[in-house]
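So you know, we letter chains A, B, ... as the sequences are listed, proteins then strands, and number each from 1. Keep in mind the model is a prediction, meaning the values are calculated, not measured.
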Amino acid sequence: MKLMAEKLLQGTDTVIEIEGFLKKLALQRPLRIKLGVDPTRPDLTLGHMVGFLKLRQFQELGHTAILLIGDTTARIGDPSGRSETRPALSEQEITQNTQTYLDQVFKLLDPEHTHVRYNSEWLAPLRFDQVLDLTRRVTMARILERDDFAKRLAAKQPISMVECLYPLLQGYDSVVLQADVELGGSDQLFNLMMGRRLQEDFGQAPQVVMTVPLLIGLDGTRKMSKSYDNYIALSDSPSDIFGKLMSISDTLMWDYYRLLLGTPAATLEALKNEEHPLLAKKQLAQSITERLHGNPAALQARNAFESLFTNRETPADMPEFSLATLGATTLLEALYATQLFPSKAALRRLMDQGGLKLNGSPVNDPRLILDPQQAPYTLQAGKRTFLRISP
RNA sequence: GGUGAGGUAACCAAGCGGCUAAAGGAUGCUGACUGUAAAUCAGCCGGUGUAAUGCCUUCGGGGGUUCGAAUCCCUCCCUCACCA
């Protein structure tokens, strides 16, 4: 029992409050653990993985995992960490995103024992007087305490009324779901606390709030997020996941070990002191890839990476483009036709800077003629884009 | 409702009649060095074009003044602050 609690608390950031948590555990019944995601974008990232893994732990111990899809709240947009109001999403986008979330999430959660709920279920039918009743329960001062809002206010940036409603709705979700524990990233603290407040107001025992640390993104500074484009998506291919992980800084690597693999501190120390950072990173990349795609795929990703970057070989399979429709044409036209490059100007730049190799040697003449007779050609653009031009 | 300040490249921010495709920063890309690490250095960073002091599109929207506008005028839309 004590062991169980320790394990669950491991790797968490803030828990409010621990006493309450221990009491809930002592109830000897499955607790209702809520984790919410808003389907605002098509992909889930390794950043989400941290929370899912924690949820999974609860699940493995026999507690009830509730995955809340915030299909209504997605229409508002969580103001967390935002310096401006989000653009509104269409219903269609939300439906699509939800589908991809569900496709990805069960790589990490046990589908048999996960309750998937949508907050539109109870938010959509609310009548206006019920909404009013909800808003009556919280004061403006309380809302404005929130760090994001305080900052925006100070920076003279707009805050819309609807954003103020966001924490209220998230809190209300907890009331409806009668959550015992709510998980979230550490930037969710305010929203999660709102759940406690509202539950008490509705005469329920307040949920335990448990936050997990935010994962820093590939840029090494900001949190991993789709909007910063510094992320690894759960749906990325094994070789992408592997490759992207290899590109993180050494300092960051230990965070990833800790948060994504749950590696204990002692093991980390040993790794740091005894293993070459490159090997440690490969190990990390392989383990995470394995977690998402299984062992064979992870191993293959590692081998491909090593032959490509360590041994500088050209990859075995690369996208292939045929000259059939174009006939003999210039290098520039052919490459542009692959749609792999944003513009012809971008291609010229690439060539000017020596970033384009044809059959292994740099080319800088955009007018070079590619002749189907001479095909196939092997092309490399930058470090990692390879393609084959066939007749 | 009143008063004042703003809206510039997918981000921040200068410019306030020609020399402005628009300074600077951040991000990104390419190259060198490496371990596709970090740090560092160099270059690039609207499109089109063999090339040019070429052409096209861009400074919230629309209209106007001018040989010429991001820069001046009119009008509309949006944001912020203070007062009520």
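- Atom-to-atom, CH2 of A:W254 to C1' of B:A38 comes out at 14 Å; the value is rounded to the nearest Å.
- Pairing for B:A5 is with B:U79, a Watson-Crick or G-U wobble pair whose two hydrogen-bonding atom distances lie under 3.5 Å.
- Taking the C1' atoms as reference points, B:A21 lies 7 Å from B:G46, given to the whole Å.
- Atom NZ of A:K244 sits in a crowded spot, with more than 12 heavy atoms from other residues, nucleotides or ligands closer than 6.0 Å.
- Around CZ of A:R142, the count of heavy atoms belonging to other residues, nucleotides or ligands within 6.0 Å does not exceed 12.
- For the pair A:D219 CG and B:C11 P, the computed distance is 18 Å after rounding to whole Å.
- Spacing between B:G2 and B:G28 at atom P, rounded to whole Å, works out to 47 Å.
- Between B:C44 and B:A52, the two P atoms lie 14 Å apart (nearest whole Å).
- Regarding the sugar-base torsion, B:A21 falls in the anti class, its angle being beyond 90° of 0.
- Along RNA chain B, the nucleotide closest to A:G382 and the one closest to A:T251 are compared, and the more 5′ of them pairs with A:G382.
- With a cut-off of 3.5 Å on both pairing distances, B:U65 has no Watson-Crick or G-U wobble partner at all.
- For the pair A:N119 (side chain) and A:D71 (backbone), a donor-acceptor distance under 3.5 Å is present.
- Of the listed residues (A:R32, A:K24, A:K34, A:R196), just one forms a salt bridge (Lys or Arg N to Asp or Glu O under 4.0 Å) with A:D180, and that residue is A:K24.
- Heavy-atom minimum distance, A:F242 versus A:Q286: CE1-N, 3.6 Å.
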Quiz item: Using a cut-off of 4.0 Å between protein heavy atoms and nucleotide atoms, how would you tag nucleotides 44-50 of chain B 5' to 3' with B, S and -?
Solution: SS-SSBS
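- Within the 4.5 Å cutoff, the side chain of A:Q300 has no heavy atoms near those of the A:H293 side chain.
- Comparing the same atom, P, in B:A69 and in B:G24 gives a spacing of 25 Å after rounding to whole Å.
- Pairing for B:C41 goes to B:G31, judged as Watson-Crick or G-U wobble with the two contacts each under 3.5 Å.
- You'll find the side chain of A:I33 reaches within 4.5 Å of the side chain of A:L183, heavy atoms only.
- Comparing B:C11 with B:A23, their P atoms sit 16 Å apart, to the nearest whole Å.
- Using a 4.0 Å cut-off between charged nitrogen and carboxylate oxygen, A:E121 and A:R117 count as a salt-bridge pair.
- Atom CG of A:N364 is separated from atom P of B:A51 by 12 Å (rounded to the nearest Å).
- Rounded to whole angstrom, the span from the CD1 atom of A:I216 across to the C1' atom of B:A38 amounts to 16 Å.
- Across the C1' atoms, B:A70 and B:G6 are found 15 Å apart, a figure rounded to whole Å.
- Here, B:G54 and B:A37 have their P atoms 41 Å apart, quoted to the whole Å.
- Across every non-hydrogen atom of A:L8 and A:F58, the tightest pair is CD1-CE2, 3.7 Å.
- When the shell of 6.0 Å around CZ of A:R29 is examined, it contains more than 12 heavy atoms from other residues, nucleotides or ligands.
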Detail all sub-3.5 Å separations between protein N/O atoms and N/O atoms belonging to nucleotides 34-36 of chain B.
| unit_1 | atom_1 | unit_2 | atom_2 | d |
| --- | --- | --- | --- | --- |
| B:G35 | O6 | A:D250 | OD2 | 3.4 |
| B:G35 | N1 | A:D250 | OD1 | 3.3 |
| B:G35 | N1 | A:D250 | OD2 | 2.8 |
| B:G35 | N2 | A:D250 | OD1 | 2.7 |
| B:G35 | N2 | A:K281 | NZ | 3.0 |
| B:U36 | O4 | A:G243 | O | 3.3 |

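- Judged by Watson-Crick or G-U wobble contacts below 3.5 Å, the nucleotide B:U50 has no partner.
- Across all strands shown, nothing is found opposite B:C16 as a Watson-Crick or G-U wobble partner with both distances under 3.5 Å.
- With P as the reference atom, B:G64 and B:U27 are 43 Å apart, rounded to whole Å.
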